[in-house]
Amino acid sequence: ARMGPPATLVIYEAPHRLLSTLETIAEVLEEEGSSAMRQVAVCRELTKRFETILRGEVRDVLRRIEEDPNQQKGEFVLLVQGGKQSLALNCPQEGPLGAASAVVGMGTSRRDRG
């Protein structure tokens with residue numbers, strides 16, 4: 001089975017394309033045989049009052065969003081875990097949120113991180 005690119009994918013998505021994009025991601029991961037191994041995180045309204053982060057296998061996250069129309073509104077950042085070795089080698093925490101934390105940490109000074 002192919003494992004896709006080693007880097008975590010970061011996708012900014014509009015609400016009207018969210019479901020179709022998640023469906024496409026699910027199809028691609030299933031095709032490469034890695035849908036159970038590569039986690040996704042759907043981050044909605046980051047830094048805002050109704051911030052929500054859903055994570056897990058893409059079909060599970062897609063189902064939760066389809067069931068709750070409120071989760072289909074707002075601004076979205078999608079994170080797709082990289083291939084087999086990327087997160088274990090590059091991030092202190094496993095999973096897409098660990099990758100996001102590492103990326104955010106790269107853009108701040110030591111003073112800003114506390």
Side-chain angles (χ1 to χ4, degrees):
R2 274 183 11 231
M3 285 302 294
T8 297
L9 301 175
V10 180
I11 304 164
Y12 301 95
E13 192 54 274
H16 66 277
R17 290 191 310 244
L18 177 66
L19 297 177
S20 64
T21 299
L22 287 171
E23 183 63 40
T24 300
I25 291 169
E27 290 170 6
V28 169
L29 294 181
E30 288 164 356
E31 217 173 85
E32 73 179 24
S34 66
S35 62
M37 294 174 275
R38 293 178 65 188
Q39 300 287 299
V40 299
V42 176
C43 308
R44 182 177 79 91
E45 296 294 319
L46 288 177
T47 73
K48 297 180 183 163
R49 182 176 180 196
F50 297 106
E51 177 178 307
T52 307
I53 300 174
L54 300 175
R55 56 185 162 189
E57 291 183 23
V58 67
R59 289 277 179 205
D60 180 48
V61 172
L62 178 58
R63 179 188 49 76
R64 289 188 285 173
I65 293 171
E66 287 173 333
E67 290 173 354
D68 184 358
N70 288 324
Q71 294 300 320
Q72 300 172 30
K73 299 174 183 175
E75 298 172 350
F76 294 92
V77 177
L78 312 178
L79 300 164
V80 181
Q81 183 177 10
K84 193 173 186 175
Q85 296 178 350
S86 67
L87 293 174
L89 295 175
N90 297 323
C91 297
Q93 303 171 11
E94 290 190 26
L97 291 179
S101 295
V103 170
V104 169
M106 286 188 280
T108 60
S109 71
R110 182 171 280 167
R111 178 182 56 121
D112 292 336
R113 285 181 243 144

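Owing to the predicted nature of the structure, the values given are computational and were not obtained by experimental measurement.
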So does Glu27 pair up with Arg59, basic N to acidic O under 4.0 Å?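 Arg59 and Glu27: not salt-bridged.
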Do [X] and [Y] make a side-chain contact, defined as non-hydrogen atoms from C-beta onward lying under 4.5 Å apart?
{"X": "Asp68", "Y": "Arg64", "value": "no"}
{"X": "Glu75", "Y": "Arg44", "value": "no"}
{"X": "Leu78", "Y": "Val40", "value": "no"}
{"X": "Glu30", "Y": "Ser35", "value": "yes"}
{"X": "Ile11", "Y": "Ile25", "value": "yes"}

Practice task
Scan Glu32, Gln81, Glu57 and name whichever one has a side-chain hydrogen bond (donor to acceptor under 3.5 Å, both in side chains) with Arg38.
Solution key: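 Looking at Glu32, Gln81, Glu57, the match for Arg38 under the side-chain hydrogen bond (donor to acceptor under 3.5 Å, both in side chains) is Glu32.
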Let me confirm one number: the [atom1]-[atom2] distance from [X] to [Y], rounded to the nearest 0.5 Å.
{"X": "Leu54", "Y": "Ile65", "atom1": "CG", "atom2": "CD1", "value": "5.5 Å"}
{"X": "Leu22", "Y": "Arg63", "atom1": "CG", "atom2": "CZ", "value": "13.0 Å"}
{"X": "Glu67", "Y": "Gln72", "atom1": "CD", "atom2": "CD", "value": "10.5 Å"}

Margin query: Using modelled atom types and a 3.5 Å cut-off, is there a donor and acceptor pairing between side-chain atoms of Glu23 and backbone atoms of Leu19?
Written below: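 A pair under 3.5 Å: no.
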Discussion item. Please tell me whether Phe50 and Leu46 are part of a single hydrophobic cluster in this structure, the criterion being side-chain heavy atoms less than 4.5 Å apart.
Written reply: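 Phe50 and Leu46: separate clusters.
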Locate the shortest heavy-atom distance separating [X] from [Y]; write the atom from each residue and the value.
{"X": "Val61", "Y": "Arg55", "result": "CG2-C, 3.6 Å"}
{"X": "Ala41", "Y": "Ile53", "result": "CB-CG2, 4.4 Å"}
{"X": "Cys43", "Y": "Leu79", "result": "SG-CD1, 4.2 Å"}

